[in-house]
Amino acid sequence: INRIDYFGICFILLHEASHFSLGHMDKESCTIQDEIDADSSSFWSIYSDIPEDKRFSANCGVLCALFSLLYLNPTIESDKNHPAEDDRILSVYEYIENDNPKYTVLLVQFFIYWAKFYHIESFPTDLQNTKDSVDKIKDFLAEYKKTKA
């Protein structure tokens with residue numbers, strides 16, 4: 001099966017299973033670092049085990065799953081247990097950005113859509129599908145989060 005939605009669901013399920021395998025369930029509550037570790041474990045489980053011909057779809061599925069969290073929490077305010085959604089997205093993007101230039105396109109366009117859909121003021125305009133635009137988005141998000149803190 002080579003469907004993006006399946007890989008997104010797989011990422012979420014593996015993330016939750018990672019909490020067990022990483023020993024997080026032995027704690028009173030999970031920390032932000034536990035969530036980062038579960039994301040990383042889930043991502044690498046998919047990335048390292050998926051055949052090359054399905055890797056693009058798998059990575060797009062992971063990014064889509066993480067972007068869905070951004071659309072559910074457009075203010076990107078941390079709940080003190082999970083990292084901010086943009087940090088989670090950008091963490092995965094940094095793993096895969098050099099694998100295929102289409103990941104940059106996906107990332108830029110998803111952030112543009114988020115900003116338009118939620119009327120995010122001062123979001124950079126005239127962004128191209130380039131790593132330079134990703135840097136502009138990162139700079140914007142760093143400032144944006146400061147105003148939400």
Side-chain angles (χ1 to χ4, degrees), residues 3-47 55-149:
R3 290 188 38 187
I4 290 172
D5 55 327
Y6 286 6
F7 290 116
I9 292 166
C10 182
F11 174 78
I12 299 298
L13 293 173
L14 282 170
H15 169 96
E16 297 308 327
S18 293
H19 284 301
F20 287 96
S21 65
L22 295 171
H24 299 162
M25 304 313 292
D26 299 334
K27 299 178 180 182
E28 185 79 21
S29 64
C30 285
T31 66
I32 287 178
Q33 187 60 51
D34 292 340
E35 294 296 331
I36 291 168
D37 293 345
D39 278 353
S40 182
S41 176
S42 177
F43 170 78
W44 287 111
S45 291
I46 295 170
Y47 189 87
R55 190 168 288 159
F56 179 75
S57 296
N59 291 337
C60 287
V62 171
L63 286 173
C64 288
L66 291 170
F67 266 103
S68 69
L69 299 175
L70 178 68
Y71 294 127
L72 293 171
N73 181 20
T75 62
I76 57 176
E77 293 178 25
S78 174
D79 65 1
K80 307 297 184 229
N81 291 333
H82 296 85
E85 286 76 12
D86 63 313
D87 292 335
R88 296 172 86 175
I89 293 164
L90 291 168
S91 171
V92 167
Y93 172 74
E94 288 172 8
Y95 293 144
I96 63 174
E97 67 181 305
N98 294 319
D99 289 359
N100 189 318
K102 292 179 182 177
Y103 299 131
T104 300
V105 174
L106 185 65
L107 185 92
V108 170
Q109 293 304 311
F110 269 149
F111 273 116
I112 288 172
Y113 180 74
W114 163 76
K116 285 182 182 178
F117 188 81
Y118 288 105
H119 309 288
I120 306 296
E121 294 181 27
S122 304
F123 189 80
T125 57
D126 299 326
L127 293 172
Q128 304 302 308
N129 296 317
T130 63
K131 290 184 181 183
D132 183 54
S133 290
V134 173
D135 290 339
K136 289 178 184 177
I137 292 169
K138 287 179 182 179
D139 292 344
F140 168 80
L141 292 168
E143 291 301 313
Y144 181 74
K145 288 196 282 190
K146 287 180 188 175
T147 65
K148 297 292 178 188

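Just the heavy atoms: all of them, side chains too, but no hydrogens, waters or symmetry mates, feed the values below.
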Side-chain touch [X]/[Y], heavy atoms, less than 4.5 angstrom:
X	Y	value
L106	Y93	no
L90	L107	yes
L66	E85	no
F20	M25	yes
K145	D87	yes
F11	S45	no
V62	I96	no
T31	D34	yes

Can you measure from [atom1] ([X]) to [atom2] ([Y]) and round to the nearest 0.5 angstrom?
X	Y	atom1	atom2	answer
L69	I76	CG	CD1	12.5 Å
L70	I89	CG	CD1	4.5 Å
L22	D37	CG	CG	6.5 Å
I46	L14	CD1	CG	5.0 Å
C60	D5	SG	CG	12.0 Å

**Prompt:** Applying the ring-ring contact (aromatic ring centres under 6.0 Å, His included) test to F123, which of Y144, Y118, F140 qualifies?
**Reply:** F140
Decide if atom [atom1] of [X] counts as having more than 12 heavy atoms of other residues, nucleotides or ligands within a radius under 6.0 Å.
X	atom1	answer
Y113	OH	no
E77	CD	yes
K102	NZ	no
E16	CD	yes
K116	NZ	no

For the side chain of [X] and the backbone of [Y], is there at least one donor-acceptor N/O pair under 3.5 Å apart?
X	Y	result
S91	R88	no
S133	N129	no
N100	Y103	no

**Prompt:** Hey, are R55 and D99 close enough for a salt bridge, meaning a charged N less than 4.0 Å from a carboxylate O?
**Reply:** no
**Asked** If you measure from the Lys or Arg side-chain nitrogens to the Asp or Glu carboxylate oxygens, is any gap between D132 and K136 under 4.0 Å?
**Response** yes
Non-hydrogen atoms of [X] and [Y] that approach each other most closely:
X	Y	answer
S42	C10	OG-O, 4.5 Å
P83	I36	CG-CG1, 3.7 Å
I120	P74	CD1-O, 4.5 Å
I4	S57	CG1-O, 3.7 Å
T130	V108	O-CG2, 4.1 Å

**Centroid-centroid under 6.0 Å between F43 and Y95 rings** = yes
**Check: F67 ring centroid to W114 ring centroid under 6.0 Å** =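 Ring-ring flag for F67/W114: false, centres at least 6.0 Å apart.
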**Request:** Answer yes if the side chains of E35 and H24 hold a donor-acceptor pair under 3.5 Å, and no otherwise.
**Result:**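 Result is no, nothing qualifies.
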**Asked** Side chains of D39 and S41: is there a donor and an acceptor less than 3.5 Å apart?
**Response**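 No, no side-chain donor-acceptor contact under 3.5 Å.
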**Item:** Aromatic plane relationship, Y47 with W44 - under 30° parallel, 30 to 60° tilted, over 60° perpendicular
**Value:**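 Judged by the thresholds at 30° and 60°, the geometry between W44 and Y47 is perpendicular.
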